[in-house]
Amino acid sequence: MRRLLIVLCLAVCARAADEKRNALADFSGALEKLAATVAPAVVQVQVSAWCPSASAGGEDAAVLASCRVIGSGVIVESSGYIITNEHVVRNARAIRVMLTPKPAPSADGPAPPGRSQALDSVITGSNRVPLGKREVLDAVVVGANRESDLALLKIEATGLPVIPLQQSEAGPRQGQVVLAIGSPEGLDNTMTIGVVSAVGRQPYPDFPMLYIQTDAAINPGNSGGPLLNVKGELVGINTFLLGENGRNQGLGFAVPAGVVRYVYEQLRAHGAVRYSLVAVQVQTLTPGLAQGLGLSQGYGVMISDVLPGSPAEEAGLRPRDIITAVDGASISSLPYYAALMYLHDPTLPVAVTVLRGDRSLQFQVPAVPIDDHDYGVASIDPHESPVPELGIFGKTVNPALVIRNGLRSGSGVYVFARAAGNDDAATALEPGDVIASLNGTPVLGLRQLREALQGLSGGPVVLEIERHGRFFYMEREVEQRPMARASRKEVQ
């Protein structure tokens with residue numbers, strides 16, 4: 001009897017081991033099929049742009065140099081619409097998209113008779129198409145949204161494979177198996193696997209975006225690529241990582257698919273994301289802030305500033321008010337407040353409920369409509385902005401710039417950034433400066449500035465500059481020279 005029990009136990013264990021091996025084999029086979037299905041809908045995005053100078057450690061956006069950026073993208077419509085990250089195409093001069101070929105028999109033949117057949121499984125089984133035969137198409141930016149770090153591109157093509165932006169049956173769940181596809185370090189069509197480490201992650205307390213955290217390997221070049229579940233459904237768009245020297249340490253973050261779908265629909269329909277503001281600055285309220293300011297609640301969303309003369313000030317909102325509801329919906333976190341402002345109809349006043357001391361107060365605040373057509377106000381035009389004679393990137397002063405930066409000048413050229421190599425502190429123009437005149441002649445905008453510089457015939461060049469609300473004159477040497485040469489830079 002004892003021997004019989006031992007035999008039965010061994011048989012059960014062997015069967016369990018076989019079932020485990022079969023389950024792993026089935027899982028591996030399912031991933032292989034999934035890769036073949038979804039990979040052709042993921043592209044490599046190649047960008048020539050102006051980037052923060054490497055001499056400034058990549059951190060000083062006030063000094064720009066010519067560079068190349070490699071990122072990823074997802075085809076979401078067969079007619080050529082592609083979602084990627086806004087930071088991948090920021091300040092782009094030219095954008096090209098390299099398509100991923102569909103799996104097909106290799107053009108390479110089998111190994112010669114008598115040679116190792118292992119070579120066949122490595123080479124002919126790889127289904128690789130030489131780079132020189134890959135399809136690379138020019139792309140244009142349909143629209144971009146810096147808050148969500150998403151951009152919509154368009155290429156001239158039809159019949160492309162897609163990863164649809166459809167509503168998933170269930171949202172992402174902690175522990176869920178996910179796959180990341182993209183071009184880490186420029187290595188296109190790379191797939192990695194991991195799990196959802198956390199959902200609703202807010203890495204920066206005063207920035208309202210929520211992300212999906214994953215340990216699937218994400219590196220520079222993965223930005224804009226998809227995070228997928230095992231059904232091939234879009235879970236999110238891989239956006240950034242936290243780690244030493246910008247390398248993967250298992251802390252990757254993706255924009256959730258619901259946000260991607262909303263931004264895509266807005267960009268596709270309007271070329272911009274429309275939302276509302278109430279002319280206040282808000283921040284996450286912490287127990288320390290509440291204790292120091294003597295507030296009655298140690299969590300939520302606090303008004304830190306109210307724009308003078310704004311509808312919010314006229315309605316009665318004050319700094320240190322704690323916002324408890326917007327349009328009747330209770331809120332306790334900055335991301336939810338931001339989401340409600342995005343969804344609010346800007347033609348209607350915003351119903352705001354605040355906690356002031358121990359009193360709950362209600363206000364009807366006229367909404368200020370905003371959209372990403374104002375995105376250009378905060379960005380350079382890569383083709384029009386460079387002024388190589390002065391080593392700057394400029395923009396013609398307009399009302400939006402005047403309001404945003406509190407300028408005294410109603411015309412002129414606003415300095416967005418310096419070109420790398422223009423570091424002479426005595427004569428350097430600084431970001432935020434306004435060039436108001438050249439040799440006593442008013443400068444109305446970029447066109448007039450270029451004409452004045454081209455018309456110089458020697459002698460001193462004196463610029464009238466507005467800086468921090470005051471005017472002064474600066475003597476400059478003008479050189480006819482190009483901006484800094486292009487340098488390779490692959491970013492996330």
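Residue numbers count from 1 along this sequence. Note that these values count all heavy atoms, side chains included, but never hydrogens, waters or copies made by symmetry.
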Does any part of the side chain of [Y], heavy atoms only, come nearer than 4.5 Å to the side chain of [X], both counted from C-beta?
X      : Y      : result
Leu64  : Phe416 : no
Met209 : Glu147 : no
Val97  : Ile82  : yes
Leu242 : Phe253 : yes
Leu179 : Leu31  : yes
Val354 : Leu317 : yes
Val306 : Pro319 : yes
Trp50  : Arg90  : no

Worked verdict on Ile163 versus Leu228 for side-chain contact (heavy atoms from CB on, under 4.5 Å): CA-CA 9 Å; Ile163 296 176; Leu228 305 168; 4.1 Å; yes
Nearest non-hydrogen partners of [X] and [Y], listed with the distance:
X      : Y      : result
Ala180 : Ile218 : CB-CG1, 4.4 Å
Asn229 : Val235 : N-CG2, 3.5 Å
Pro184 : Asn222 : CB-OD1, 3.3 Å
Leu285 : Ala290 : CD1-N, 3.9 Å
Leu340 : Ala329 : CD1-CB, 4.0 Å
Gly225 : Ser72  : N-CB, 3.6 Å

Parallel, tilted or perpendicular: rings of Tyr342 and Tyr262 (30°, 60°): perpendicular
Would you please name every residue forming a side chain to side chain contact (heavy atoms under 4.5 Å, CB included) with [X], sequence neighbours left out?
X      : value
Ala367 : Ser276, His344, Val350
Ser197 : Gln213, Asp215
Ala30  : none
Thr353 : Thr324, Ala325, Ser360, Gln362

Salt bridge (charged side-chain N to carboxylate O under 4.0 Å, His left out) contacts in which one or both residues fall within residues 75-85, not counting sequence neighbours: Glu77-Arg268
Candidate pair Asp188 and Arg134, rule side-chain contact (heavy atoms from CB on, under 4.5 Å), full reasoning: CA-CA 12 Å; Asp188 69 294; Arg134 302 283 289 275; 2.8 Å; yes
Arg173: side chain to side chain donor-acceptor pair (under 3.5 Å) partners, not counting sequence neighbours: none
All side chain to side chain donor-acceptor pair (under 3.5 Å) counterparts of Thr84, not counting sequence neighbours: none
I'd like to know if the side chain of [X] reaches the main chain of [Y], judged simply by a donor and an acceptor atom lying under 3.5 Å from each other, with no hydrogens or angles considered.
X      : Y      : value
Thr192 : Ala217 : yes
Ser28  : Ala25  : no
Asn85  : Val88  : no
Thr100 : Asn189 : no
Asn238 : Gly224 : no

Separation of [Y] [atom2] from [X] [atom1] (nearest 0.5 Å):
X      : Y      : atom1 : atom2 : answer
Ile392 : Leu429 : CD1   : CG    : 5.5 Å
Ser385 : Asn91  : OG    : CG    : 8.0 Å
Gln283 : Leu289 : CD    : CG    : 5.5 Å
Tyr337 : Ser332 : OH    : OG    : 14.5 Å
Leu401 : Lys395 : CG    : NZ    : 7.0 Å
Glu135 : Leu99  : CD    : CG    : 5.0 Å

Anything under 3.5 Å between a donor and an acceptor, one on a side chain of residues 149-162, the other on a protein residue two or more places apart or in another chain? List them.
| from | atom 1 | to | atom 2 | distance (Å) |
| --- | --- | --- | --- | --- |
| Asp149 | OD1 | Glu86 | N | 3.0 |
| Asp149 | OD1 | His87 | N | 2.9 |
| Asp149 | OD1 | His87 | ND1 | 3.3 |
| Asp149 | OD2 | His87 | ND1 | 2.7 |
| Lys154 | NZ | Ser79 | O | 2.9 |

Within 6.0 angstrom of Arg356 CZ, more than 12 heavy atoms from elsewhere: yes
Steps toward side-chain contact (heavy atoms from CB on, under 4.5 Å) verdict (Gln174, Val195): CA-CA 7 Å; Gln174 189 174 40; Val195 299; over 6 Å; no
Steps toward side-chain contact (heavy atoms from CB on, under 4.5 Å) verdict (Ile323, Ile331): CA-CA 7 Å; Ile323 300 177; Ile331 61 170; 3.5 Å; yes
Test ring pair (Phe, Tyr, Trp, His ring centres under 6.0 Å) applied to Tyr264 - qualifying residues, sequence neighbours left out: none
Residues forming a ring pair (Phe, Tyr, Trp, His ring centres under 6.0 Å) with Tyr81, sequence neighbours excluded: none
Under 3.5 Å, side-chain donor or acceptor atoms of residues 33-48 against the rest of the protein: list the pairs with distances, not counting sequence neighbours.
| from | atom 1 | to | atom 2 | distance (Å) |
| --- | --- | --- | --- | --- |
| Thr37 | OG1 | Lys33 | O | 2.9 |
| Gln44 | OE1 | Gln46 | NE2 | 2.9 |
| Gln44 | NE2 | Ser183 | OG | 3.3 |
| Gln44 | NE2 | Gly186 | O | 3.2 |

Name the atoms and distances for all side-chain donor-acceptor pairs under 3.5 Å in residues 291-305, with sequence neighbours left out.
| from | atom 1 | to | atom 2 | distance (Å) |
| --- | --- | --- | --- | --- |
| Ser296 | OG | Gly357 | O | 2.7 |
| Gln297 | NE2 | Tyr299 | O | 2.8 |
| Ser304 | OG | Gln281 | O | 3.2 |

